[in-house]
Amino acid sequence: METAMSSLKAHSQTLYEADYLQWIETTLEKLQSQDYANVDWENLIEEIADRGRSERRSLKSNLILTLPAINRRGFLAQ
C-alpha cells in the first residue's frame, strides 16, 4: 500500500513540475470526484499558501499606491 502511495506521490510531483496546467486540471478533477486519497496534497497546500501570500502583497502594494492619492485629494484629512 505504501509503495503505491509513494509511486503516486512521485508521479504527482513529476506532473506538478513538468506540466503545471495539467496538474491543476488533474487536481481539480480529483477534488470534484472526491478522490481525496489521490490528491497531491503537499503541492496543493503549498499553492494555496503561496496564493494567500501573493494576495497580501498585492493588497499592500495597492494600498501604498492608492492611499497617498486619496490623502492628496483631502479624503483622509481631519
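Nothing here was measured: the structure is a model prediction, and the numbers come from that model.
- With sequence neighbours left out, Asp35 forms a side chain to side chain donor-acceptor pair (under 3.5 Å) with Asn38.
- Between the CG atom of Asp50 and the CD1 atom of Ile45 there is a distance of 12.0 Å, given to the nearest 0.5 Å.
- With sequence neighbours left out, Glu46 forms a salt bridge (charged side-chain N to carboxylate O under 4.0 Å, His left out) with Arg53.
- The salt bridge (Lys or Arg N to Asp or Glu O under 4.0 Å) pairs that include a residue from residues 56-67 number zero, where partners must be two or more places apart or lie in different chains.
- Residues forming a side chain to side chain contact (heavy atoms under 4.5 Å, CB included) with Leu65 (at least two apart in sequence, or on another chain): Ser61.
- Between the side chains of Tyr16 and Glu42, not a single donor N or O lies within less than 3.5 Å of an accepting N or O.
- Side chain to side chain, Tyr20 and Glu25 fail the donor-acceptor criterion of an N or O pair below 3.5 Å.
- With rounding to the nearest 0.5 angstrom, the CH2 atom of Trp41 is 8.0 Å from the CD1 atom of Ile48.
- Evaluation of the side chain to side chain contact (heavy atoms under 4.5 Å, CB included) rule for Leu28 yields Gln32 as partners, not counting sequence neighbours.
- The cluster map of Ile, Leu, Val, Met, Phe, Trp and Tyr, joined by side-chain heavy atoms under 4.5 Å apart, puts Val39 and Leu21 in different clusters.
- For Gln22, the side chain to side chain donor-acceptor pair (under 3.5 Å) partners are Thr26, not counting sequence neighbours.
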### Message
Working note: Leu44 + Leu31, criterion side-chain contact (heavy atoms from CB on, under 4.5 Å); need CA distance, chi angles, decisive distance, verdict.
### Response
CA-CA 11 Å; Leu44 180 58; Leu31 290 170; 4.1 Å; yes

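- With hydrogens and angles ignored, the 3.5 Å screen pairs a side-chain donor or acceptor of Ser33 with a backbone N or O of Glu29.
- Checking side-chain atoms of Thr27 against main-chain N and O of Trp23 turns up a donor-acceptor pair under 3.5 Å.
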